[in-house]
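The figures that follow rest on heavy atoms only: side chains count, while hydrogens, waters and symmetry mates do not. Just follow the structure's listing: the first ligand is 1, and inside any ligand the first atom is 1. Numbers here are sequence positions counted from 1.
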Amino acid sequence: MNAADLLKRAEKKLSGLHPVVAEKAQKLIKEAYLEEIYIIITQGLRTIEEQNRLYAQGRTKPGKIVTNARGGYSYHNFGLAFDFCVCDVVKGSLVPNWKVDRRWLRVGQIGKSLGLEWGGDWKSFKDYPHFQYTFGLSLAQLRSGRKPPIVSVTKR
Ligand SMILES: [Zn+2]
């Protein structure tokens, strides 16, 4: 397992994100890797239609409730949020470890050092896998069509 493998694996999920947010996710993967914490990206952009389908689950559709956000009420819907999972390496393969342990908390810290907002800090509903970067825009502003700035990404 090396950092390039982890980045490659994250590519597809990160492709729908705002470039600034995608870059922060890549840095997060690399910095966690240096501490032997292996993370995968489990969710990136979720379209408003996808969010509405998810919201219907457990309400008007079968299944259990998995979100309290309707379409347009999650930063995922605007490419400004992603979810991760810490993995164990078992016989060379990544196996997601969903139990929140000290590695998850460390990833939260690293993310915050990169300027991301971490769901693990939320008071009412702790969303440990979740990071977002809002550019100071509220969901209401984003729903009304405000766009985050286009920032060119410079490689360091
Ligand atoms: Zn999320």
- Message: Please determine whether D127 has a backbone or side-chain N, O or S atom lying under 2.8 Å from the Zn ion (ligand 1).
- Response: no
- Note on the structure: Row for the Zn ion (ligand 1): angle ND1 (H130) to NE2 (H76), 10° precision, value 100°
- Message: Rounded at 0.5 Å granularity, tell me how far CG in L17 sits from OH in Y133.
- Response: 14.0 Å
- Query: Which N/O/S atom belongs to D83 and is the closest one to the Zn ion (ligand 1)?
  - Reply: OD1
- Counting heavy atoms not belonging to K147, are there more than 12 under 6.0 Å from its NZ? no
- Of F84, Y75, W104, W122, the residue whose pairing with F131 passes ring-ring contact (aromatic ring centres under 6.0 Å, His included): F84
- Message: Is it the case that the side chains of Q109 and W118 hold a donor-acceptor pair, with the cut-off being a distance below 3.5 Å and no angle test?
- Response: no
